[in-house]
Amino acid sequence: MPKNKLLLIDGNSIAFRAFYAVQNYESFKTKTGLHTNAVLFFNNMLESILEKETPTHVLIAFDAGKTTFRHAFFEDYKAGRSKTPGEFKEQMPYIRELIEAQGIEHYELMDYEADDIIGTLAKQVASDEFEVVVISGDKDLTQLAEENIRVEVTSRGVSELVTYTPEFIKEKYGLEPLQIIDMKGLAGDNSDNIPGVTRVGEKTALKLLHEYGTVEGLYEHIDDLKASKMKENLINDKEQALMSKRLATIDIKAPIDVNVENLTYEGKNLEKLIPFYRQMEFKQLLSKLDTSGLGENSEPMEEVKYQFIEKYEDISEEMFGPNMSFYVETLDKNYHTAEVEAVAWGSKDTIYVALKDEALHSEKMKKWLEDTNQTKNVYDAKANYVLLRRYDIELSGIAFDSLLGAYLIDTNDKSEDLAALAFNHEYFLLESDEAIYGKGAKMAIPEDQIISEHLARKIIALEYLKPVLMEKLEDKEQTDLFFEMELPLSKVLGKMESTGITVNAQRLQEMKQEFAIRLKEIEERIYEQAGEEFNINSPKQLGVILFEKMELPVIKKTKTGYSTAVDVLEQLKDQAPIVSDILDYRQVAKIQSTYVEGLLKVIQSDGKIHTRYVQTLTQTGRLSSVDPNLQNIPVRLEEGRKIRQAFVPRSADWQIFSSDYSQIELRVLADIAKDEHMRDAFLEGQDIHTSTAMRVFGVETPEEVTGNIRRQAKAVNFGIVYGISDYGLSQNLGISRAEAQRFIDTYFEKYPDIKTYMEEIVRDAKDKGYVETLWHRRRYLPDINARNFNIRSFAERTAINTPIQGSAADILKIAMIEMAKRLKEEKMEATMLLQVHDELVFEAPKSEIPKLEALVKDVMENAVALSVPLKVDSSTGETWYDAK
DNA sequence: CTTATCACG
DNA sequence: ACGTACGTGATAAGA
């Protein structure tokens with residue numbers, strides 16, 4: 001019969017170590033703002049110990065009561081400890097809950113410490129039949145070590161354990177385990193405020209104990225010691241030494257009421273652990289749990305039933321119907337070029353799977369996908385629109401998209417695939433793509449049956465998700481946002497992505513040559529001034545040259561060394577001409593590598609660039625653009641702006657047309673905050689920054705507003721939108737903080753409604769835990785009640801900014817949908833190409849431009865009705881550069 | 001795979 | 001007193 005093994009864990013000390021296992025515990029937090037770092041690391045540590053020790057019995061002991069029997073003879077026991085942080089305290093109840101869910105007993109005894117419970121039980125139980133393992137973050141426990149008691153002490157946070165057996169203690173200190181108490185008696189312990197003997201530390205104590213064995217032994221022979229300061233101290237502190245020893249002695253006769261037979265460990269309690277992990281938002285841990293046998297979404301899955309389609313000719317009309325789910329698998333994220341690995345469709349009990357793109361060659365499939373009345377339920381509608389278009393299929397009749405739905409429900413959802421998304425919505429039956437295909441270099445297609453089953457299960461997950469997500473959308477009043485805005489938009493965006501924008505590669509090649517020559521020139525000048533060659537692109541090497549070799553003053557540092565960012569270099573420009581050259585080099589090198597070479601690399605065989613808009617990423621509702629990013633093509637500096645000359649219309653007699661909203665965020669703010677002064681300025685068509693300048697700086701007429709004053713007012717307006725701070729504004733304007741604060745004070749005095757809005761939205765966010773746009777797009781702000789000033793302030797600024805930036809994003813989305821509709825109705829050739837947050841870019845036959853201009857203006861300005869007018873500025877040109 | 005830098009709204 | 005503006009993506013270095 002295998003030996004029994006009792007695991008005894010010091011709950012308090014491990015919890016404490018777990019809490020301090022990470023520096024920044026603010027990033028471990030639930031949506032409602034509860035910290036979870038200690039719970040998480042406690043859990044991880046517990047699991048790793050259980051796995052390593054495979055105990056038959058487990059108990060976790062906790063301290064209880066404010067005073068223990070130790071306080072009875074030493075008031076100041078554990079005094080002077082810094083207060084435990086509230087972020088730690090709030091997690092203690094959850095740690096107990098975790099322990100229960102892990103299927104483990106915990107115990108505490110009034111006025112006793114965990115040490116005493118552990119000591120008593122360990123000594124009771126340890127025998128040749130029962131091995132005992134003690135886990136603690138505290139070395140005190142090592143006094144318990146004996147033949148059948150092993151003590152493990154954490155080191156380096158909670159990641160490693162050091163084993164204390166009698167042999168180890170002998171080797172390390174030359175002591176028996178029990179002499180650990182004598183060592184504490186003499187040397188004391190700062191953390192528990194055990195005094196020990198004055199000026200005696202670990203080293204002296206060891207020396208004395210090697211000689212005399214115990215504290216008592218030492219005092220018996222105290223007269224043998226040579227006269228010394230130490231001897232005096234020992235004599236003076238005799239009582240204190242004896243008391244200290246008593247304090248450090250673990251009570252192995254505590255009146256505990258625990259029977260080891262009740263401590264058997266039989267594994268996790270999944271019924272408790274799953275909801276608990278969910279509450280803690282431990283998604284990683286959840287996904288690793290074996291959830292088989294737990295309710296209907298986690299029933300052990302017998303083999304999934306599906307019909308395997310060998311050849312597209314085998315596809316028949318009976319295989320299709322309305323209200324089915326559809327899924328196309330690609331391994332590469334870029335659906336413009338990705339190869340199709342498998343296609344699946346069907347409903348809960350009838351599922352069809354075909355490998356590769358076989359199914360997409362079926363005319364019946366095409367007919368079903370294109371039929372608006374044959375509704376389909378998908379994951380990532382936009383990807384499907386674009387990908388199917390490559391097979392000459394115009395997807396239509398999309399009734400639901402789980403990816404889009406989950407994003408609206410929680411913009412924070414970082415699910416990498418359908419399995420993770422489903423998991424977040426209580427569906428546990430789908431394996432992750434990573435588990436099926438692997439990742440990185442090891443990514444590969446498994447055998448036919450594995451991938452087919454995986455796809456079939458995806459269909460089941462999609463069928464499950466639709467009603468679940470719909471209900472959640474309804475709860476949040478987001479059904480309109482979903483069905484009227486995001487879902488129609490996905491079709492419009494898909495069209496734009498498929499269309500792509502024509503790029504003049506030759507123009508880019510010319511620029512590449514020119515820039516290469518210029519870089520060479522600047523490079524040589526830099527090397528000459530530096531007196532050596534080095535990698536200018538390396539901030540590290542550049543820092544050495546500028547701040548060590550050339551001894552320029554260090555203005556700012558980064559975590560890793562000297563900062564060489566623009567604002568720093570700008571300040572150093574006058575001190576050494578090399579700095580200007582470096583700035584030039586940086587500017588040109590950026591344009592060359594990111595834009596000229598970067599764009600050349602992504603021109604497809606059709607001579608166009610096809611970006612992908614990520615519709616489910618930003619926290620505010622904006623789009624983002626990847627592969628390549630076409631939303632950050634240079635415009636501010638002439639040098640870079642020339643890149644836009646390479647963006648051209650599809651044919652010679654067409655033109656590029658661009659329209660952008662003027663001051664859309666400030667208009668949205670004026671509307672949301674109901675500020676009459678700002679609203680009047682917009683209603684009267686005034687220049688908003690001039691108007692702000694007049695009010696804030698007390699200028700009588702617009703003519704008197706100088707360029708500089710307007711610039712400052714503009715910075716204040718920007719600051720307002722971002723959730724202003726004196727520091728931020730002072731940095732931006734290069735003024736003092738006090739001055740910046742005066743600007744802000746005056747601004748709020750002149751625009752009291754803006755001030756009220758900011759206060760109200762922050763209060764509202766603290767109250768509800770989230771903020772919303774005008775169209776109910778929601779962003780949760782778990783940090784809004786954080787105790788840490790910086791973290792809380794950041795959340796407060798976000799609360800101010802998100803409804804503004806987000807509502808502006810909503811407006812452009814509405815305009816885009818309407819624009820696509822009108823272009824179709826009017827049967828125009830003009831095509832929408834790009835969206836850059838407040839700007840839409842089109843291409844159109846020259847002859848159509850006047851009509852397009854009127855139409856775009858009408859659609860954009862009337863997309864929504866705010867209490868202030870919306871205004872657009874438009875321009876046309878032979879290239880994107882010329883449309884300015 | 002993280003850090004610093006810099007491009008855009 | 002605390003130390004920052006809001007939202008993104010791509011590139012090159014250097015662990």
Side-chain angles (χ1 to χ4, degrees), chain A residues 411 440 534-543 556-569 582-583 585-599 601-602 611-614 617-637 639-641 643-644 660-666 668-669 715-733 737 740 744 771 779 781 786-806 808-809 812 834-840:
Chain A
T411 51
F534 65 102
N535 188 344
I536 308 168
N537 289 317
S538 161
K540 197 177 166 191
Q541 294 181 35
L542 180 60
K556 203 164 77 180
K557 288 195 140 195
T558 66
K559 301 186 237 195
T560 52
Y562 313 108
S563 170
T564 65
V566 238
D567 57 319
V568 172
L569 297 188
I582 290 165
L583 284 167
Y585 181 89
R586 280 255 179 92
Q587 200 195 116
V588 179
K590 172 81 179 176
I591 300 168
Q592 181 77 314
S593 68
T594 305
Y595 298 102
V596 179
E597 291 169 353
L599 291 175
K601 267 185 241 168
V602 291
T611 185
R612 272 146 50 225
Y613 291 101
V614 187
L617 182 135
T618 70
Q619 297 299 309
T620 54
R622 275 190 177 180
L623 301 173
S624 93
S625 157
V626 294
D627 258 4
N629 181 355
L630 292 184
Q631 290 182 320
N632 71 347
I633 302 301
V635 66
R636 289 169 193 171
L637 300 171
E639 203 73 292
R641 190 173 196 150
I643 292 289
R644 294 178 176 229
D660 66 289
Y661 276 115
S662 155
Q663 304 300 345
I664 186 160
E665 294 194 344
L666 285 172
V668 166
L669 172 63
V716 173
N717 278 333
F718 268 99
I720 293 295
V721 170
Y722 294 152
I724 203 155
S725 75
D726 56 355
Y727 184 87
L729 185 63
S730 74
Q731 287 294 297
N732 194 298
L733 282 176
R737 243 169 105 156
I744 296 168
V771 291
R779 178 178 188 174
L781 298 167
R787 267 173 282 269
N788 179 305
F789 174 88
N790 289 324
I791 291 167
R792 186 178 63 249
S793 302
F794 188 23
E796 288 170 357
R797 293 196 294 272
T798 311
I800 293 167
N801 174 263
T802 296
I804 302 171
Q805 192 186 112
L812 200 69
L834 303 173
Q835 189 254 39
V836 193
H837 308 307
D838 65 354
E839 172 188 11
L840 292 177

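Naming convention: chains lettered A, B, ... in sequence-line order (proteins, then strands); numbering from 1 in each chain.
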**OP:** Using a 4.0 Å heavy-atom cut-off across all strands, classify Leu623(A) as base, sugar-phosphate, or nothing.
**Re:** nothing
Subject >> Span that lies between the P atom of dT4(C) and that of dT5(B), in whole angstrom >> reply: 15 Å
Original post:
Touch check for Ala795(A), heavy atoms < 4.0 angstrom, all strands: base, sugar-phosphate only, or nothing?
Top reply: nothing
Original post:
OP1 or OP2 of dG7(C) sitting under 4.0 Å from any side-chain N/O of Asn801(A)?
Top reply: no
**OP:** Look at the side-chain N and O atoms of Ser563(A) and state whether any lies under 4.0 Å from the OP1 or OP2 oxygen of dA4(B).
**Re:** no
Subject >> Minimum heavy-atom distance between Val721(A) and Asn801(A), given as atom pair plus value >> reply: O-ND2, 3.0 Å
Subject >> Side chain of Phe789(A) (C-beta onward), nearest among dC2(C), dG7(C), dG14(C) >> reply: dC2(C)
Original post:
Short question: side chain of Ser625(A), backbone of Leu630(A) - any donor-acceptor pair under 3.5 Å?
Top reply: yes
Original post:
Is there a donor N/O on one and an acceptor N/O on the other, under 3.5 Å, for the side chain of Arg779(A) and the base of dG7(C)?
Top reply: no
**OP:** Looking only at non-hydrogen atoms, find the nearest pair between Asn790(A) and Asn788(A) and report the distance.
**Re:** N-OD1, 2.9 Å
**OP:** Just call it for Gly719(A): base, sugar-phosphate, or nothing, with non-hydrogen atoms closer than 4.0 Å on any strand.
**Re:** base
**OP:** State whether Arg636(A) places a side-chain N or O below 4.0 Å from either non-bridging phosphate oxygen (OP1 or OP2) of dG9(B).
**Re:** yes
Original post:
With a non-hydrogen cut-off below 4.0 angstrom, is Ile591(A) in contact with a base, only sugar-phosphate, or nothing?
Top reply: nothing
Original post:
Starting at the 5' end of DNA chain C, which residue's closest nucleotide do you reach first, His837(A) or Ser725(A)?
Top reply: Ser725(A)
Subject >> Any Ser593(A) side-chain nitrogen or oxygen under 4.0 Å from OP1 or OP2 of dA10(C) >> reply: no
**OP:** Would you classify Val626(A) as touching base, sugar-phosphate or nothing, given that sugar-phosphate means primed atoms plus P, OP1 and OP2, and contacts are heavy atoms under 4.0 Å?
**Re:** sugar-phosphate
**OP:** Please examine the side chains of Ile804(A) and Tyr722(A), heavy atoms only from C-beta on, and report whether any two atoms are closer than 4.5 Å.
**Re:** no
Original post:
Does any N or O donor sit under 3.5 Å from an N or O acceptor when you compare the side chain of Asn537(A) with the base of dA12(C)?
Top reply: no
Original post:
So what does Asn629(A) touch, heavy atoms closer than 4.0 Å: a base, only the sugar-phosphate, or nothing?
Top reply: sugar-phosphate
Subject >> dC2(C) to dA7(B) separation - C1' atoms, rounded to the nearest Å >> reply: 32 Å
Original post:
Where the side chain of Gln805(A) meets the backbone of Glu665(A), is there a donor-acceptor pair that is under 3.5 Å apart?
Top reply: no
Subject >> Phosphate-side-chain proximity, Ser793(A) and dC2(C), N/O vs OP1/OP2 below 4.0 Å >> reply: no
Original post:
If you measure from the C1' atom in dA5(C) to the same atom in dT2(B), how many Å do you get, rounded?
Top reply: 24 Å
Original post:
Taking the side chain of Tyr727(A) as heavy atoms from C-beta outward, which of dA7(B), dT4(C), dT8(C) is closest to it?
Top reply: dT4(C)
Original post:
Is any side-chain N or O of Arg622(A) closer than 4.0 Å to OP1 or OP2 of dT8(C)?
Top reply: no
**OP:** Mind checking Thr802(A) for me? I need base, sugar-phosphate or nothing, with any heavy atom below 4.0 Å counting as a touch.
**Re:** nothing
Original post:
Given that Asp726(A) and Lys601(A) both sit by DNA chain C, which one's nearest nucleotide is further toward the 5' end?
Top reply: Asp726(A)
**OP:** Decide yes or no, distance alone: a donor-acceptor N/O pair under 3.5 angstrom between the base of dT4(C) and the side-chain of Arg797(A).
**Re:** yes
Subject >> Donor/acceptor link under 3.5 angstrom from Arg737(A) side chain onto base of dG3(C) >> reply: yes
Original post:
Is the shortest side-chain N/O distance from Lys559(A) to OP1 or OP2 of dT2(B) below 4.0 Å?
Top reply: no
Original post:
So what's dC6(C) paired with, Watson-Crick or G-U wobble, going by both distances under 3.5 Å?
Top reply: dG9(B)
**OP:** Report yes if at least one side-chain N or O of Thr560(A) is closer than 4.0 Å to OP1 or OP2 of dA4(B); otherwise report no.
**Re:** yes
Original post:
Would you find a donor on one side and an acceptor on the other, under 3.5 Å apart, between the side chain of Thr611(A) and the backbone of Pro628(A)?
Top reply: yes
**OP:** Report yes if at least one side-chain N or O of Gln805(A) is closer than 4.0 Å to OP1 or OP2 of dT8(C); otherwise report no.
**Re:** no
Original post:
Hey, does Gln541(A) reach any base, or is it just sugar-phosphate, or nothing, if we go heavy atoms under 4.0 Å?
Top reply: sugar-phosphate
Original post:
Can you find a side chain N or O atom of Thr594(A) that sits less than 4.0 Å from OP1 or OP2 on dT11(C)?
Top reply: no
**OP:** Tell me whether the OP1 or OP2 atom of dA4(B) has a side-chain N or O from Thr558(A) closer than 4.0 Å.
**Re:** yes
Original post:
Under 4.5 Å between any side-chain heavy atoms of Leu666(A) and Phe718(A), yes or no?
Top reply: no
